[in-house]
Every structure is written in structure tokens, then in C-alpha cells.
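See structure below.
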Amino acid sequence: MNSDRTRGDNTLSETNLSVLVTGCAGFIASRTCQLLLDQGVQIVGIDNLNDYYDISLKKYRLSQLEANSNFSFRKIDVESADDLMDLFS
């Protein structure tokens with residue numbers, strides 16, 4: 001890991017970092033996305049938006065993230081190899 005990041009004397013935005021976050025509409029991952037976005041990190045978020053719990057909560061969290069131009073979302077199930085290949089091509 002870059003020692004500048006571990007010392008905390010620069011921001012992540014200075015590294016031109018892009019991060020893929022799976023399950024980005026969930027509680028923990030959406031908060032992680034927000035913290036990274038606050039540091040200027042480019043985020044590609046993926047989620048299948050299943051109905052394991054209230055979908056309206058997921059959609060709300062997603063709308064908050066999509067307000068940031070450094071965030072892009074793709075509705076993808078990580079179990080779909082074709083969708084993942086498409087994402088990385």
C-alpha cells in the first residue's frame with residue numbers, strides 16, 4: 001500500500017483512485033461509497049437490488065450516491081459472469 005495513504009497526509013483524490021463497490025445500495029457499502037466519494041474517489045457501484053429487505057431503502061441510498069458525479073451505478077448481479085465481463089470490457 002502507498003505509504004502516503006497510510007500516513008494520512010494526502011487525500012485519496014490525489015491518487016486518481018477508482019473503486020468498484022459491490023452491493024452499493026446496501027447499508028454498509030453505501031456508507032463506504034459515501035466516505036470514498038467525500039475523498040474524491042471515483043466509484044463504480046454495482047448491486048442487483050434484490051428484495052432481501054425493503055427495496056425502497058436501497059433505492060433511497062442509491063439516489064443519494066447518484067447525486068455525486070463521481071458515482072456511476074450498474075444493476076448487475078455478481079453471479080452473472082456475462083454482466084461482469086460486460087462491465088470490464
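For the numbers below, each heavy atom of this structure counts, side chains included, while hydrogens, waters and symmetry mates do not.
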Q) For Phe71 and Leu62, what are the C-alpha separation, side-chain angles and deciding distance, and is it a side chain to side chain contact (heavy atoms under 4.5 Å, CB included)? A) CA-CA 10 Å; Phe71 180 81; Leu62 195 53; 3.8 Å; yes
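- Under the 4.5 Å side-chain heavy-atom criterion for ILVMFWY residues, no single connected hydrophobic cluster contains both Val41 and Leu20.
- Taking the side chain to side chain donor-acceptor pair (under 3.5 Å) definition, one finds that Asp54 meets it with Ser56, sequence neighbours left out.
- Asp86 pairs by the side chain to side chain donor-acceptor pair (under 3.5 Å) definition with nothing, not counting sequence neighbours.
- Leu57 and Leu49 sit in two unconnected hydrophobic clusters of ILVMFWY residues. Membership requires side-chain heavy atoms under 4.5 Å apart, directly or through other members.
- Nearest heavy-atom pair across Tyr53 and Phe27 is OH-N, 3.6 Å.
- Leu17 contributes atom CG, which lies 9.5 Å from atom CD of Gln42 (distance to the nearest 0.5 angstrom).
- Considering CD1 of Ile28 and CZ of Arg31, their distance stands at 12.0 Å, rounded to 0.5 Å.
- Taking each heavy atom of Ile43 and Leu37 in turn, the nearest pair found is CG1-CD2, 3.7 Å.
- A distance of 8.0 Å separates CD of Glu66 from SG of Cys24, quoted to the nearest 0.5 Å.
- The CG atom of Asn68 lies 7.0 Å from the CD atom of Gln34; values are rounded to the nearest 0.5 Å.
- Closest approach of Ser30 to Ala25, counting heavy atoms only: CB-C, 4.4 Å.
- At a threshold of 4.5 Å between side-chain heavy atoms, the hydrophobic network of Ile, Leu, Val, Met, Phe, Trp and Tyr places Tyr60 and Val21 in two separate groups.
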(Q) Using side chain to side chain contact (heavy atoms under 4.5 Å, CB included), reason through Ile76 and Leu87 one step at a time and then give a plain yes or no. (A) CA-CA 9 Å; Ile76 292 177; Leu87 177 68; 4.0 Å; yes
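- Hydrophobic clustering places Val44 together with Leu84 (ILVMFWY residues linked when any side-chain heavy atoms are closer than 4.5 Å, directly or through intermediates).
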Q: Would you please test Leu65 and Phe73 for side chain to side chain contact (heavy atoms under 4.5 Å, CB included) and show each step?
A: CA-CA 9 Å; Leu65 295 171; Phe73 174 72; over 6 Å; no
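- Within 6.0 Å of the OH atom in Tyr52, the count of heavy atoms belonging to other residues, nucleotides or ligands does not exceed 12.
- What you find for Gly26 and Asp47 is that their closest heavy atoms are N-OD2, 3.8 Å.
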**Q.** Residue pair Asn50, Lys58: steps toward the side chain to side chain contact (heavy atoms under 4.5 Å, CB included) verdict
**A.** CA-CA 9 Å; Asn50 65 29; Lys58 294 178 181 188; 2.7 Å; yes
